[in-house]
Amino acid sequence: MLEKKEKEKIQLKGQLKLYIQWPAIMAILLVIMNIWVAVIDRRVGLLMCAFVLIYIIMVGILYIYSKSIIMKDLVEFAAQYGIVQNTLLKELAVPYAILLDDGKAIWMNDQFEEVLGEKLKGEAYISRYMPELNKSIFPKKVNDKVEMDVYYGDREYKAELRKVSVEGFSDTEQLLQMPEEKEYFIAVYLQDVTELNASIKANEEQRLIAGLIYIDNYDEVINSVEEVRQSLLIALVDRKINQYIAKVNGIVRKMENDKYFIVIQKQYFKQLEADKFSLLEDVKSVNIGNGIPATLSIGLGLSKDSYSQSYNYARVAIDLALARGGDQAVIKDCHGITYYGGKREQTSKNTRVKARVKAEALREFMTVKDKIFVMGHKLTDVDAFGAAMGICRAAAALEKKAYIVINEVSASLRPLYESYEKDPNYPDDLFLKSSQAIDMADENSMVVVVDTNRPQMTECEELLKKTKTIVVLDHHRQSSDNIDNALLSYIEPYASSACEMVSEVLQYIVDDIKIPKLEASSLYAGIMIDTNNFVNRTGVRTFEAAAFLRRCGADITLVRKMFRDDMESYRAKAEIISSAKVYREKFAIARGENLHIESPTIIGAQAANELLDINEIKASFVLTEYNGRIYISARSIDEVNVQIIMERLGGGGHMNASGAQFNHTDMDEAVACLTQVIDEMIEGGDI
């Protein structure tokens with residue numbers, strides 16, 4: 001009886017139920033038709049009634065006795081279909097597995113077991129085989145998908161994980177009880193991408209990289225050797241370059257006497273990177289009596305888009321290498337710029353042709369502009385201020401009015417600044433704040449930036465966006481975040497100071513230019529401060545510029561008196577020097593904390609210079625707190641390039657005088673960061 005009731009509960013549904021019901025529906029239609037026919041003709045109606053009755057009996061027998069047969073056939077089909085489906089899933093060519101929420105594997109097909117190399121054992125967690133597939137990366141929502149790369153053995157796989165809901169599983173399944181909140185499985189399948197990735201990698205490594213090699217000081221090197229040996233010298237340099245590129249199966253084509261175009265495969269680029277582009281040092285060893293060693297600049301461009309883009313990147317890289325002083329390799333790709341080398345100070349060129357050309361271009365810009373704004377870097381120092389005054393004098397000589405943008409006057413600069421404010425020969429609006437300059441600027445204005453080439457370091461970065469005519473004069477090595485929209489860029493890393501460059505430019509602006517005594521003294525002071533009293537980075541042209549300024553009336557005594565320290569500053573400097581510690585037997589690191597003086601960064605720079613007077617010290621670093629930040633002043637003589645150290649910390653400057661900033665006041669953390677960078681660069685062979 002119970003079995004009969006259970007059978008009655010089993011009902012067909014859906015399209016199959018409708019299909020079974022159609023004969024009964026047809027029987028009803030036939031009965032209606034039979035009645036209609038009987039009304040018309042009784043005899044025909046009786047005859048049709050007999051046929052309809054027979055049809056109804058046959059349909060009843062078929063429905064009653066065939067239903068159980070149909071149900072049995074359906075069950076058998078479903079069972080066989082499930083077996084086929086399970087067999088196909090088990091033997092599926094794609095590795096497939098089902099996991100619990102904790103990563104325990106409860107089932108996997110033959111291909112997955114073949115990947116693992118063994119069958120599933122007991123409490124097997126998938127992370128035991130593939131650590132990347134742990135529960136921390138499982139999808140959080142139903143039907144979410146997580147894709148990732150996994151490695152097992154010597155094969156690479158792309159894994160896809162999905163969260164599959166089995167809500168109500170515990171109600172129907174008698175063998176396994178699952179908490180309601182965990183009624184789901186994690187389905188994972190693997191795609192073997194070993195050969196695909198190998199092909200992609202091989203294709204990528206065979207891409208060609210364009211490069212340019214320039215001899216930085218070709219004219220100077222040629223002129224330093226006898227004429228009969230000049231051809232031999234160039235031949236030896238050619239041989240060094242060709243041998244170096246030939247080692248990596250590259251191609252070299254000489255375009256000009258001092259310019260080479262190279263092509264190498266990307267797979268060999270890592271080899272050049274590993275030896276830090278040793279060609280830079282190899283070429284310096286060529287010596288057949290030349291008094292000046294030859295130095296090279298290398299620019300390489302890596303682009304995934306096209307070979308023409310790679311060449312464009314190479315041109316940008318070589319320009320940047322030259323702007324930074326040469327003797328280095330610069331690599332530009334879509335991710336950024338990397339520098340190698342740059343350990344040697346560039347030789348100063350005695351010719352001033354470039355200064356004359358730049359002066360003529362500057363004169364052309366000034367004559368067609370109504371307003372000229374001049375600005376240096378934040379925390380304007382004497383060099384930036386003196387150079388800005390020199391540009392104002394050039395504008396005055398061309399009968400144009402110039403303004404100097406300066407927001408904050410440091411204690412060391414104040415005596416010089418006040419000299420101009422008190423002098424009746426200078427207008428009251430000579431010095432402007434950033435807000436005033438922005439309000440005054442328009443499309444017919446020009447901006448001259450001195451002593452920096454980084455937009456975020458200028459006194460007013462917004463001013464650079466207000467005008468299209470921008471001129472940059474700087475003696476620091478160019479960085480990757482330079483002012484790239486300047487119409488005129490005069491960057492000479494070998495120059496001692498911005499004041500030296502401006503002094504040369506002034507001599508070509510107009511004939512017999514007259515420079516007032518105070519302005520000549522300001523330019524002279526800028527050179528003197530940046531060269532540490534003509535000790536650092538001075539060349540022939542430095543002394544020529546100083547001599548020109550002396551002829552214009554620069555007062556040395558006035559400069560010396562103006563930049564003397566007060567007693568508090570002198571004591572602060574002594575305190576910084578007394579805190580110095582020697583790191584790795586050759587680096588002096590000093591701290592300036594709680595100094596209670598107006599311009600601790602200036603005193604820090606002076607202390608860094610004085611620390612170089614200690615025997616065996618190759619570089620000095622002074623860290624000072626100021627306005628919620630820590631500033632580093634880095635100095636060296638010739639053996640260590642402090643610029644590349646400061647660039648690692650987000651700063652820059654010159655190879656013998658550089659700086660950087662930390663956006664916090666934790667001195668211990670700053671010192672630890674500095675020493676870590678020094679350690680990394682020593683271990684990497686960069687210093």
Side-chain angles (χ1 to χ4, degrees), residues 201-202 204-217 221 233-254 258-287 293-303 310-311 313-318 320-322 324-346 477 480 584 618 638-645 647-648 655 677-687:
K201 184 178 179 181
E204 184 66 21
E205 288 182 344
Q206 290 175 12
R207 288 185 64 85
L208 300 180
I209 295 175
L212 294 166
I213 299 178
Y214 288 3
I215 302 176
D216 300 324
N217 51 352
V221 172
L233 177 62
I234 296 304
L236 291 173
V237 173
D238 286 349
R239 186 167 177 266
K240 288 281 187 184
I241 295 173
N242 279 277
Q243 285 182 336
Y244 185 78
I245 301 302
K247 285 194 304 184
V248 292
N249 295 329
I251 300 172
V252 181
R253 179 181 176 86
K254 190 169 184 176
D258 58 343
K259 295 179 176 63
Y260 304 82
F261 175 73
I262 64 171
V263 177
I264 60 174
Q265 287 185 340
K266 188 175 180 180
Q267 61 182 320
Y268 296 112
F269 171 70
K270 294 294 181 184
Q271 184 176 329
L272 302 183
E273 219 175 13
D275 72 354
K276 305 288 185 182
F277 292 89
S278 58
L279 176 63
L280 298 172
E281 299 300 323
D282 291 344
V283 169
K284 293 177 190 174
S285 64
V286 176
N287 191 334
T295 61
L296 299 180
S297 288
I298 303 174
L300 294 177
L302 286 76
S303 172
S310 293
Y311 178 67
Y313 279 175
R315 291 180 60 185
V316 172
I318 196 69
L320 191 53
L322 294 171
R324 288 168 55 85
D327 186 30
Q328 57 194 282
V330 177
I331 294 87
K332 176 173 174 56
D333 56 22
C334 56
H335 301 295
I337 297 174
T338 310
Y339 305 101
Y340 295 90
K343 301 177 183 179
R344 184 182 180 87
E345 181 71 65
Q346 187 182 20
R477 286 186 171 187
S480 54
R584 283 184 170 259
K618 295 184 178 179
D638 63 345
E639 295 178 88
V640 175
N641 184 348
V642 292
Q643 185 214 2
I644 60 176
I645 299 176
E647 283 182 338
R648 293 282 184 95
M655 67 180 300
V677 168
I678 292 173
D679 291 340
E680 290 174 355
M681 297 188 72
I682 290 176
E683 291 169 5
D686 295 315
I687 57 174

> Between G211 and A314, what is the shortest heavy-atom contact and its length?
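The answer is CA-CB, 4.2 Å.
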> Check whether any side-chain heavy atom of I645 sits under 4.5 Å from a side-chain heavy atom of V640, and report yes or no.
yes
> Taking the side chain as every heavy atom from C-beta outward, state whether V248 and F269 have any pair of such atoms under 4.5 Å apart.
no
> So, do K266 and L302 sit near enough that their side-chain heavy atoms are less than 4.5 Å apart?
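Side chain of K266 against side chain of L302, heavy atoms only: contact under 4.5 Å found.
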> Dump the intermediate steps for side-chain contact (heavy atoms from CB on, under 4.5 Å) on D216 and V221, then the final yes or no.
CA-CA 9 Å; D216 300 324; V221 172; over 6 Å; no
> If you look at every heavy atom in Q271 and K247, which pair is closest and at what distance?
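Heavy atoms of Q271 and K247 come nearest at NE2-O, 4.3 Å.
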> Any non-hydrogen side-chain atom of Y244 less than 4.5 Å from a side-chain atom of V283?
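In short, these two side chains do not touch, never coming nearer than 4.5 Å.
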> Rounded to the nearest 0.5 Å, how far does NZ of K284 lie from CG of L279?
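Reported value, rounded in 0.5 Å steps: 10.5 Å.
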> If you look at every heavy atom in L208 and S310, which pair is closest and at what distance?
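Closest approach of L208 to S310: O-OG, 4.4 Å.
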> What distance do E281 atom CD and D327 atom CG have between them, rounded to the nearest 0.5 Å?
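If I round to the nearest 0.5 Å, the distance is 6.5 Å.
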> Within the structure provided, determine whether V286 and R239 are in side-chain contact (heavy-atom separation under 4.5 Å).
no
> Check whether any side-chain heavy atom of I234 sits under 4.5 Å from a side-chain heavy atom of D238, and report yes or no.
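Yes, their side chains come closer than 4.5 Å.
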> Would you name the heavy atoms of I318 and L212 that are closest together and state the gap between them?
CD1-O, 3.6 Å
> Would you name the heavy atoms of P293 and N217 that are closest together and state the gap between them?
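Looking at all heavy atoms of both residues, the shortest contact is O-ND2, 3.0 Å.
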> Rounded to the nearest 0.5 Å, how far apart are CD1 of I209 and CD of Q267?
10.0 Å
> Find out whether L272 and I298 are in side-chain contact, i.e. whether some heavy atom of one side chain is under 4.5 Å from a heavy atom of the other.
no
> Would L300 and K332 count as a side-chain contact (heavy atoms from CB on, under 4.5 Å) here? Give the steps.
CA-CA 6 Å; L300 294 177; K332 176 173 174 56; over 6 Å; no
> At what distance, to the nearest 0.5 angstrom, does CZ of R584 lie from CD1 of I682?
4.0 Å
> For the OH atom of Y260 and the CG atom of N242, what is their distance to the nearest 0.5 Å?
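It is 7.5 Å, given to the nearest 0.5 Å.
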> State, yes or no, whether a side-chain contact exists between L296 and I241 at a heavy-atom distance under 4.5 Å.
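In short, these two side chains touch, coming nearer than 4.5 Å.
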> Atom OG of S303 and atom CG of D333: how far apart are they, to the nearest 0.5 Å?
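Interatomic distance, S303 OG to D333 CG, rounded to 0.5 Å: 9.0 Å.
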